[in-house]
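Down below is the structure, laid out as structure tokens.
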Amino acid sequence: MWIGWIEFDVLLGDVHTLKEKRSIVRPVLAELKRRFDVSVTEAGLQDQYRRAVIGVGLVAADRAHVIEVLAAVDRFMAARPELELLSARQRELRSDD
């Protein structure tokens with residue numbers, strides 16, 4: 001079994017309140033979950049209205065599938081016009097590591 005995750009540090013556009021931040025982040029999280037069948041969360045910087053850390057994780061039988069899904073998630077996030085990717089960190093682990 002393989003476990004993979006990717007964590008994005010993103011800068012939001014013209015956002016001035018936490019409510020505006022949620023109105024951008026929540027639809028992105030929902031679309032990631034729907035489109036890629038992954039677990040997602042806002043994993044950090046919840047108290048800063050212009051930044052967010054978004055975590056995406058999945059479990060699969062083989063490493064190739066984990067890498068394929070995480071690469072697709074990365075492309076999806078990079079194409080979002082309302083987000084500026086500051087960094088992305090990715091990792092895959094085998095369950096017996």
Side-chain angles (χ1 to χ4, degrees):
M1 177 173 69
W2 285 87
I3 304 151
W5 66 91
I6 189 165
E7 186 177 79
F8 299 98
D9 185 0
V10 297
L11 179 65
L12 305 172
D14 190 26
V15 174
H16 301 288
T17 67
L18 291 175
K19 187 174 182 178
E20 289 176 3
K21 174 185 178 178
R22 283 192 306 274
S23 73
I24 293 173
V25 172
R26 281 186 180 168
V28 170
L29 297 181
E31 184 64 17
L32 284 166
K33 186 179 247 186
R34 185 193 68 76
R35 184 179 291 199
F36 300 105
D37 195 24
V38 293
S39 295
V40 299
T41 189
E42 183 181 355
L45 303 176
Q46 286 94 344
D47 59 340
Q48 294 184 25
Y49 61 85
R50 292 218 47 225
R51 298 265 309 272
V53 175
I54 296 174
V56 178
L58 75 144
V59 176
D62 60 77
R63 183 173 185 260
H65 181 69
V66 169
I67 291 171
E68 177 184 324
V69 171
L70 293 180
V73 167
D74 192 18
R75 288 189 303 273
F76 171 84
M77 291 293 288
R80 301 298 296 200
E82 70 273 24
L83 306 176
E84 179 183 338
L85 287 182
L86 300 177
S87 68
R89 295 185 320 213
Q90 181 176 328
R91 183 124 188 240
E92 307 90 34
L93 288 175
R94 191 173 179 148
S95 61
D96 58 1
D97 284 349

Exercise. Step by step, would you call Leu58 with Leu70 a side-chain contact (heavy atoms from CB on, under 4.5 Å)?
Worked result: CA-CA 9 Å; Leu58 75 144; Leu70 293 180; 3.5 Å; yes

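- Formation of a donor-acceptor pair under 3.5 Å by the Lys21 side chain with backbone atoms of Arg51 is found in this model.
- Note: Ile54 CD1 to Glu7 CD = 10.5 Å, rounded to the nearest 0.5 Å.
- Considering CD of Glu82 and CG of Leu11, their distance stands at 12.0 Å, rounded to 0.5 Å.
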Problem set entry | Criterion side-chain contact (heavy atoms from CB on, under 4.5 Å) on Met77 and Val56, from CA distance to verdict | CA-CA 11 Å; Met77 291 293 288; Val56 178; over 6 Å; no

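- Under a hydrophobic-cluster definition in which Ile, Leu, Val, Met, Phe, Trp and Tyr are linked whenever side-chain heavy atoms come within less than 4.5 Å, directly or via other members, Trp2 and Val38 are assigned to the same cluster.
- Formation of a donor-acceptor pair under 3.5 Å by the Arg91 side chain with backbone atoms of Ile6 is not found in this model.
- Nearest heavy atoms, Ala72 versus Phe36: CB-CE2, 3.6 Å.
- Within the 4.5 Å cutoff, no side-chain heavy atoms of Val28 are placed close to those of Val40.
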Exercise. Going through the checks in order, is the side-chain contact (heavy atoms from CB on, under 4.5 Å) test met by Leu85 and Asp74?
Worked result: CA-CA 10 Å; Leu85 287 182; Asp74 192 18; 4.3 Å; yes

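- Counted within 6.0 Å of CG on Asp37, heavy atoms from surrounding residues, nucleotides or ligands total 12 or fewer; the atom is thus considered open.
- Contact record, Arg50 with Gly13: NE-O, 3.1 Å, taken as the closest heavy-atom pair.
- In this structure, the separation between CZ on Arg89 and CZ on Phe8 is 11.5 Å, given to the nearest 0.5 Å.
- Between Ala60 and Val66, the shortest heavy-atom contact is CB-CG2, 3.6 Å.
- Between atom OG of residue Ser23 and atom CG of residue Leu18 there is a gap of 11.0 Å, rounded to the nearest 0.5 Å.
- Here the straight-line distance linking atom CD of Glu92 with atom CD of Gln90 works out to 5.0 Å at 0.5 Å rounding.
- Scanning both residues, Gly55 and Ala43, for their nearest heavy atoms gives N-CB, 4.3 Å.
- A continuous path of Ile, Leu, Val, Met, Phe, Trp and Tyr side chains, each step under 4.5 Å between heavy atoms, connects Phe76 with Val10, placing both in one hydrophobic cluster.
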Exercise. For Leu12 and Val25, what are the C-alpha separation, side-chain angles and deciding distance, and is it a side-chain contact (heavy atoms from CB on, under 4.5 Å)?
Worked result: CA-CA 9 Å; Leu12 305 172; Val25 172; 4.3 Å; yes

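- Val59 and Trp5 fall within a single hydrophobic cluster, where Ile, Leu, Val, Met, Phe, Trp and Tyr are joined by side-chain heavy atoms under 4.5 Å apart, directly or via other members.
- Using cut-offs of 30° and 60° for the angle between ring planes, the Tyr49 and His16 rings count as tilted.
- Going from atom CZ of Arg34 over to atom CG of Leu29 covers 14.0 Å, rounded to the nearest 0.5 Å.
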